[in-house]
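What you see is a predicted model; the values in this text were computed from it and never measured.
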Amino acid sequence: MRLRHKPWASEKISDHPQYVVAEPQEKKGQWNKEFGNDNQIHIEVGTGKGQFVTEMARANPDVNYIGIELYESVIVTALDRLIEAELPNVKLLNVDARNLTEYFEAGEVDRVYLNFSDPWPKNRHEKRRLTYKDFLSMYEQILIKGGEIHFKTDNQGLFEYSLKSFSWYGLHLNFLSLDLHNSEFEGNIMTEYEEKFSAKGQRIYRVEAQFQHQA
């Protein structure tokens, strides 16, 4: 995806620290204090333009959401959504997802969402896939015991790879759909990509994968 440079994005992000947390490493272990409650914390890795995380927060006011996005030119659109929505239960992090353990304490997160992640189809780029074993290990560290990953994609190859990766890692698959929009699943909130792909008739794949409780 080619990103359009927005030279004003950095300043706008800096002007709204109530939504985009400037020094998230300082909040490690303190996110419930940051939100001012003891509600669950759900994170979306690769939040893009923010439609999913914003609408999830609107639909579930008793859950705290944190959207993580690397690119300033993308996260600034998510920021616009939050400014308009004025939701108290959403924060954004403009950081690299490879460093999640720097921002979250062990067991601090209740759920991880991965929506329409970059498939990185070439074998030499396998380690960049957000369902690669190294990422799974990182999610396991920050999630509660028995925490879940909820994964959606339109890319069949990435979905098949992810199912294998989850299985090899020992996750339990609680829900699996090979055609989400023609399933009985209720309460699905779509991302921008999901709306575009489904409008073209493409199938949406979804799985809920759970880390096993440790003895």
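Residues Ile83 and Tyr19 form a side-chain contact, since some pair of their non-hydrogen atoms from C-beta on lies under 4.5 Å apart. Contact check for Leu92 versus Glu69: no side-chain heavy atoms found under the 4.5 Å cut-off. Contact annotation: the side chain of Phe211 approaches that of Tyr169 to within less than 4.5 Å [non-hydrogen atoms, C-beta and beyond]. Inter-residue side-chain proximity for Lys200 and Lys196 is flagged as met; some heavy-atom pair is nearer than 4.5 Å.
Defined by atom type and a distance below 3.5 Å, a donor-acceptor pair is present between the side-chain atoms of Gln25 and Glu23. Between the side chains of Tyr161 and Glu126, at least one donor N or O lies within less than 3.5 Å of an accepting N or O.
Hydrophobic cluster membership is shared by Leu163 and Tyr132, with clusters built from Ile, Leu, Val, Met, Phe, Trp and Tyr side chains linked at under 4.5 angstrom. If you chain together hydrophobic residues whose side chains sit under 4.5 Å apart, Leu176 and Phe151 fall into the same group.
Pairing each heavy atom of Gln18 with each of Lys91, the nearest pair is O-NZ, 2.9 Å. Counting all heavy atoms, side chain and backbone alike, Ala78 lies closest to Gly48 at CB-O, 3.9 Å. Minimum interatomic distance between Val90 and Ala57 (heavy atoms only, all atoms of both residues): CG2-CB, 3.0 Å. Minimum interatomic distance between Phe159 and Leu178 (heavy atoms only, all atoms of both residues): CE2-CD2, 3.7 Å. Nearest approach of Asn89 to Val63, heavy atoms of both residues: ND2-O, 2.9 Å. Nearest heavy atoms, Pro61 versus Asn39: O-ND2, 4.3 Å.
Ion pairing of Arg98 with Asp134 is absent here, as no side-chain N (NZ or NE/NH1/NH2) approaches a carboxylate O to less than 4.0 Å. Between Glu195 and Lys49, no side-chain nitrogen of the basic residue sits less than 4.0 Å from a carboxylate oxygen of the acidic one, so the salt-bridge criterion is not met. Taking 4.0 Å as the cut-off between side-chain N and carboxylate O, Arg81 and Glu84 do not count as a salt-bridged pair.
Sorted by first and then second residue, the pairs that involve residues 21-59 and meet ring pair (Phe, Tyr, Trp, His ring centres under 6.0 Å), not counting sequence neighbours, are Trp31-Phe104, His42-Tyr65, His42-Tyr113, Phe52-Tyr113.
With rounding to the nearest 0.5 angstrom, the CD atom of Gln210 is 10.5 Å from the CG atom of Leu173. A distance of 11.5 Å separates CG in Asn99 from CG in Leu93, rounded to the nearest 0.5 Å. To the nearest 0.5 Å, the span separating CZ on Phe116 from CG on Leu114 amounts to 11.5 Å. If you take CZ on Arg206 and CG on Leu180, they are separated by 6.5 Å, rounding to the nearest 0.5 Å.
For Thr131, the side-chain hydrogen bond (donor to acceptor under 3.5 Å, both in side chains) partners two or more places apart in sequence, or in a different chain, are Ser162. Considering only residues two or more places apart in sequence or on other chains, Glu194 meets the side-chain hydrogen bond (donor to acceptor under 3.5 Å, both in side chains) condition with Lys152, His181, Asn188.
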Asn37 and Asn32: side chain to side chain contact (heavy atoms under 4.5 Å, CB included), yes or no, with the steps?
-> CA-CA 5 Å; Asn37 58 56; Asn32 280 119; 4.1 Å; yes

